[in-house]
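Could you have a look at this structure, given as structure tokens, before my questions?
Values in this document were obtained by computation on a predicted structure and should not be read as measured data.
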Amino acid sequence: MFGIEFLPQEINEDTERLIAMLEGGRENLGQEVDFVLIPTNPRNKASVSSLLGAYVLRERFSTMNVESRLKHIPQFVPTISGAGLEKMQIVSQILGVKYGEFKSVALIGGESGGLDGASLIALASEILGEVSLISGSVVEIWEKDAEQKLVKKLQAGVSRIITQPIFEAESARKCVEHFCLLQERCGTNAKLLLGVFGIFSAESAYRINEARLGFKIPHTYLDALEQGKAKERFESLWEQMQEVAKAYNVSLYLSTPKHNDLRAYGNELCWTV
């Protein structure tokens, strides 16, 4: 199951851009996009309501005549964050997921306040029943604190875990192997998706590292960006991550640092932007 991230801004432009991304995923990455995750206020900046954005895009794609361009229509997945919200507000959003008949929802715990990830998953599971629950994790799940947080999410009933971006195949392998051990220990069928980040300029990479988003772009990757080899470095990373995913029977998840950035999909018109 391959997923991408998409941040809504203007419905008509978004529709065409998203169709291009879905086509690009198939033609340039060899992947059909199974789900499109709509984030909620990324980097603490106000954005279109995730629940509304996912609903409108789903309805738009279900009524448009896009079958001639797309082989199948992906699921649209809203995101609920527990950060800074009272429990009643969170429950209200979860009920919105149920009312909207979404098949999946992504959940982000308010680790510094509000419900943490595992508590949010448990609450959503109680209300939503069979809906697929998606959450995130750092890559280094073999470290004690990270492992404990992930185990709590697995025990709470999470369906899919998306890792933070991975830039080295060896880290991906180590993450998958440890996840398999935790699956067995917790007796869960939860699936793992390895995060891949389309980063194409050294300036953006340095800003990401300075922002301390929970992951760092390694020096080896930064060196390639400094040398003007962004396209080559991403293509190499993508090939390596595909090999890991195939070897361990896990999936990939692609996010990009720019709004609706198509460069990760091999769109040559975007490489010079």
Side-chain angles (χ1 to χ4, degrees), residues 1-6 8 22 31-40 49-63 70-83 85-110 114-137 141 149-163 176 179-195 245 248-255:
M1 175 169 284
F2 176 56
I4 65 172
E5 185 174 302
F6 188 85
L22 299 177
Q31 294 274 5
E32 288 288 351
V33 177
D34 298 298
F35 71 94
V36 179
L37 191 150
I38 310 299
T40 179
S49 161
S50 176
L51 186 57
L52 179 60
Y55 183 84
V56 171
L57 284 168
R58 186 186 69 184
E59 294 304 298
R60 174 64 67 95
F61 273 73
S62 67
T63 57
L70 302 174
K71 291 186 177 180
H72 75 280
I73 307 301
Q75 287 186 32
F76 289 91
V77 180
T79 300
I80 294 174
S81 172
L85 298 180
E86 299 292 335
K87 185 175 180 179
M88 185 173 68
Q89 294 172 300
I90 297 172
V91 170
S92 177
Q93 291 189 55
I94 295 173
L95 290 173
V97 170
K98 186 174 184 178
Y99 188 81
E101 298 183 331
F102 286 98
K103 297 179 180 179
S104 302
V105 62
L107 303 167
I108 302 174
L115 292 179
D116 62 24
S119 299
L120 183 55
I121 291 165
L123 178 62
S125 179
E126 179 183 347
I127 296 173
L128 297 175
E130 298 301 316
V131 171
S132 178
L133 307 180
I134 304 171
S135 189
S137 172
I141 58 174
K149 288 182 180 180
L150 179 53
V151 166
K152 288 180 180 179
K153 291 181 178 182
L154 294 174
Q155 293 173 336
V158 73
S159 309
R160 285 177 270 170
I161 289 290
I162 299 175
T163 73
V176 176
F179 186 82
C180 291
L181 294 176
L182 296 182
Q183 276 183 310
E184 185 176 354
R185 184 194 306 175
C186 297
T188 177
N189 293 320
K191 306 300 182 183
L192 182 69
L193 290 90
L194 301 173
Y248 291 91
N249 194 29
V250 297
S251 301
L252 299 177
Y253 175 80
L254 181 66
S255 61

- Message: Are the side chains of Arg185 and Leu182 in contact, using a 4.5 Å heavy-atom criterion?
- Response: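 Side-chain contact under 4.5 Å: yes.
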- So, for Leu133 and Gly157, which heavy atoms are closest and what is the spacing to 0.1 Å? CD1-O, 4.1 Å
- Note on the structure: Separation between OG (Ser251) and CG (Leu194), nearest 0.5 Å, reads 8.5 Å
Donor-acceptor contacts, no H, no angles, side chain residues 122-132, under 3.5 Å, sequence neighbours left out:
unit_1, atom_1, unit_2, atom_2, d
Ser132, OG, Arg160, NE, 3.3
Ser132, OG, Arg160, NH2, 3.1

- Closest non-hydrogen atom pair, Glu5 against Ser255: OE1-CB, 3.7 Å
- Task: Could you check Leu150, Ile121, Leu107, Leu120 and say which one makes a side-chain contact (heavy atoms from CB on, under 4.5 Å) with Val158?
- Result: Ile121
- Message: Can you give me the closest heavy-atom contact between Gly136 and Lys153, atom names plus distance?
- Response: O-NZ, 2.7 Å
- Query: Once you round to the nearest 0.5 Å, how far does CD1 of Ile90 lie from OG of Ser81?
  - Reply: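 Between Ile90 CD1 and Ser81 OG, I get 7.5 Å after rounding to 0.5 Å.
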- Student check: side-chain heavy atoms of Met1 and Phe35 closer than 4.5 Å: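 The answer is yes, as the side chains (C-beta and beyond) meet within the 4.5 Å cut-off.
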- Once the angle between the rings of Phe61 and Phe76 is folded into 0 to 90°, is it parallel (under 30°), tilted (30 to 60°) or perpendicular (over 60°)?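 Because their plane-to-plane angle lies in the 30° to 60° range, the rings of Phe61 and Phe76 count as tilted.
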- Task: Assess whether atom OH of Tyr55 is packed by more than 12 heavy atoms of other residues, nucleotides or ligands within 6.0 Å.
- Result: no
- Message: For Arg60, give me all partners under salt bridge (charged side-chain N to carboxylate O under 4.0 Å, His left out), at least two apart in sequence or on another chain.
- Response: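 Per chain and number, Arg60 pairs via salt bridge (charged side-chain N to carboxylate O under 4.0 Å, His left out) with no residue.
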- Item | Spacing of NZ belonging to Lys149 relative to NZ belonging to Lys152, to within rounding of 0.5 Å | 9.0 Å
- Would you please name every residue forming a ring-ring contact (aromatic ring centres under 6.0 Å, His included) with Phe179, sequence neighbours left out? none
- Gap separating the CG atom of Leu193 from the CG atom of Leu37, nearest 0.5 angstrom: 10.0 Å
- Message: Quick check for you: to the nearest 0.5 Å, what is the distance between Gln183 atom CD and Ile161 atom CD1?
- Response: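 Rounded to the nearest 0.5 Å, the CD-CD1 separation comes to 10.5 Å.
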- Task: Would you kindly say whether Gln75 and Ser104 are connected by a side-chain donor-acceptor distance under 3.5 Å?
- Result: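 A donor-acceptor contact under 3.5 Å links the two side chains.
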- Query: With a 4.5 Å heavy-atom cut-off, do Ile108 and Thr79 have their side chains touching?
  - Reply: yes
- Item | Any side-chain heavy-atom pair of Gln93 and Val97 under 4.5 Å | no
- Closest heavy-atom pair and its distance - Cys186, Val151: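 In this case the closest contact between Cys186 and Val151 is SG-CG1, 3.9 Å.
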